[in-house]
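Report on one structure; see the data block that follows.
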Number of protein chains: 2
Amino acid sequence: MNSKQPTAAPPDAPANPVQALLEAPLSLRERKKLKTRQTIRREAYRLITEQGYENTTVEQIAAAAEVSPSTFFRYFATKEDLVLTDEYDPVVLDTLLARPADEPFLQSCRESMIGLIRDLLQHERQELLIRMRLVTEVPALRAGLSRSSSSPQELYLAALTRRAGVEEPTLDMRITAAAIGAATTEAVLQWAESDGVEDIVTLVDHTFAVLASGFAGV
Amino acid sequence: MNSKQPTAAPPDAPANPVQALLEAPLSLRERKKLKTRQTIRREAYRLITEQGYENTTVEQIAAAAEVSPSTFFRYFATKEDLVLTDEYDPVVLDTLLARPADEPFLQSCRESMIGLIRDLLQHERQELLIRMRLVTEVPALRAGLSRSSSSPQELYLAALTRRAGVEEPTLDMRITAAAIGAATTEAVLQWAESDGVEDIVTLVDHTFAVLASGFAGV
DNA sequence: CTGTCAAATGACAGTAACTCTCAAAAGATG
DNA sequence: CATCTTTTGAGAGTTACTGTCATTTGACAG
C-alpha cells in the first residue's frame, strides 16, 4: 500500500498524502527520520539552485544537512533520486486502481493524472516546478527520468496488470503503459519549460486527446 | 546526414550502412579508427557475456582491446554507450524522411521500422539479440535506454520536426514521438526477452496497431 | 530511572567511472 | 624528408557509490 507504512494503515486517509504522513502519530524515531529526509532534500535544492546540479556534490549536501555522506545514501539511493522520486507514487497507483474497472484505461489515467496535478499545484507548485525544470535542464536527470519505480510507465503498467488480475503483463499492457507514460511526461516537461505559465491541465488534456486519436493528426 | 561523413556523400549508397562504411574509400586513419572501434566493442561484448556487465570494468575492456582507458573513452563517451549506441541511427532518420510527406506519420514509422528490422535481422541478428537482452537484464542499461540521440524518441522527434519544416517541435510532435518511441522500444524488448523466438515483425506490427487504435482495447 | 535490544549514524577504506592535461607517436601533406 | 595535425597513452584527480564496524540513540520492559 504505502512504502512508509508496511503495516495496515487506517482507512480514513486525508487528501494530501504528505500532510497525512506528518499528521500521523509517529514515534520519535519516525519523526526524526522524516525530518532528516526533508532537511537533506531542502538543503540539496537550495545548493543545487545556487550552483547547479553537477557542481553540487553529495558531500556538500550532506554537510549542509549536517549528516554524514553515509547517511545521505541511506536516505537517497542515488543523487538523482533527490530530484526524481517523490512521495506521491503510491498515491497515483491507488487512485488509478480506484477508478471503475470498466472505464477505458486511457480515461482512468486522464482522471487520476488531472486529480493528482490539481493536488500538487495546490500544495507544492513551486517545488514541483523547480524539480521539473531541473529535469529538463540536466541531461543526467532527464535520462534517469524513465528509470525506477517512480516513472509513470511503471505505475501504469502496475495498474494495468493488477486490473487484469494477472501476474505477468502482456505486450499490449506494456505498449500502452509505455506510450501513455512517455506522453504524459512530455506534457509535464513542456509545462516546466514554459516556467509554469502554460496551463498544465490543458496540456495534459491535449496529450490524452492525441493519444486517443491514434495519432491521426500527424 | 551521416555522423561518419559530414561532407557530401555519394548518392548511390549501398543497402547496408555498416558495409557501406567499410567499403567506402577511407584513409588509413579512418580505417584504423573504425577497426579500433570494432575491436573495443567486440572485446567488450565477449567479456560482458562471460562475466556480466557490472563485473566488467572499462579497464579490462581497454586491456583486452589493447588500448588505453583514455582511448576507450574517446570512442565511447560512457560504458553504457557500448551497448546503447549503434551505427544505424542516422539511417533510420533518412528512411523516415524518405517516406512520402503526406503519409500518416504512424505509418511512416511502421514502414521504416520494419524495413530496418529486416535489415538488422539479416546482417547482425545475433549481436542485436545480445545487446537487447543485455538491455533488458541490466538495470543501468534499461535506464539509459531512453537517453541520448540514439533513442527512437529523439529520432522520431527529429523526423517530425524536419517534416513540418519548423525549428522547435510542438507539443503534439513531442507527444507523438515519445509515445511511438516508447511503444516500439517495448516491442523490441519483448522480442529480446523471448530470446528472439517470437516474430519481431509481428510484434512491431501489433504495437502500431495498438497505437493506431487510440488504446481503445484496454 | 535503569538495563537491554534494535535501529540509526558516522568514520573510514575501497572501487570504478569518468575528466583533464601533457607529452609522445603516427598518419597526412607538400 | 620536414612539418603539421590527429591520435594515443600515461598519470593524476574528482566523485558517486559500496561495505564494514564501532558508536550513538531511541524503544521498551522491569
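We name chains A, B, ... by the order of the sequence lines, and we start the count at 1 in each one. The basis for the numbers below is simple: all heavy atoms, side chains too, and nothing from hydrogens, waters or symmetry mates.
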Identify all pairs in which a protein N or O lies below 3.5 Å from an N or O of nucleotides 19-26 of chain C, and state each distance.
none

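Distance alone, capped at 3.5 Å, places no donor-acceptor pair between the A:Glu30 side chain and the A:Ser27 backbone. The main-chain N or O of A:Leu82 is found under 3.5 Å from a side-chain atom of A:Arg41 such that the two form a donor-acceptor pair.
Evaluation of the side chain to side chain contact (heavy atoms under 4.5 Å, CB included) rule for A:Leu116 yields A:Tyr88, A:Val92, A:Leu120 as partners, not counting sequence neighbours. Among residues two or more places apart in sequence or in another chain, the side chain to side chain contact (heavy atoms under 4.5 Å, CB included) test is passed with A:Arg131 by A:Tyr45, A:Val83, A:Asp86, A:Glu127. Residues passing the side chain to side chain donor-acceptor pair (under 3.5 Å) test with A:Thr78 are A:Asp81, sequence neighbours excluded. Qualifying side chain to side chain donor-acceptor pair (under 3.5 Å) partners for B:Glu186, counting only residues two or more places apart in sequence or in other chains: A:Arg174. Applying the ring-ring contact (aromatic ring centres under 6.0 Å, His included) criterion to A:Tyr53, with sequence neighbours excluded, gives no partner residue. Scored by the side chain to side chain donor-acceptor pair (under 3.5 Å) test, B:Ser112 finds no partners at all (sequence neighbours excluded). Residues meeting the side chain to side chain contact (heavy atoms under 4.5 Å, CB included) test with A:Thr36, sequence neighbours left out: A:Ile40, A:Val67, A:Tyr75. With sequence neighbours excluded, the residues that form a side chain to side chain contact (heavy atoms under 4.5 Å, CB included) with B:Arg46 are B:Glu43, B:Glu50, B:Ala64.
Shown for residues 39-59 of chain A: no residue has heavy atoms falling under 4.0 angstrom of DNA chain C.
Rounded to an integer number of Å, the gap from NZ of B:Lys79 to C1' of C:dC18 is 12 Å. For A:Arg31 and C:dA8, the CZ to C1' distance is 16 Å, given to the nearest whole Å. Following rounding to the nearest Å, A:Glu30 (CD) and C:dA7 (P) show an atom-to-atom distance of 11 Å.
Among the protein residues, A:Phe76 comes within range of no part of the nucleic acid, since none of its heavy atoms lies under 4.0 Å from any strand. Residue B:Phe72 is classed as having no contact, given no heavy-atom separation below 4.0 Å to the nucleic acid.
A 4.0 Å heavy-atom criterion places the boundary nucleotides of DNA chain D facing chain A at D:dT15 to D:dA27, written 5' to 3'.
In this model, the phosphate group of C:dA8 is not approached by any side-chain N or O of A:Tyr75 to a distance below 4.0 Å at OP1 or OP2.
For residues 155-168 of chain A, every residue pair satisfying the side chain to side chain donor-acceptor pair (under 3.5 Å) rule, not counting sequence neighbours, is listed here: A:Ser108-A:Arg163.
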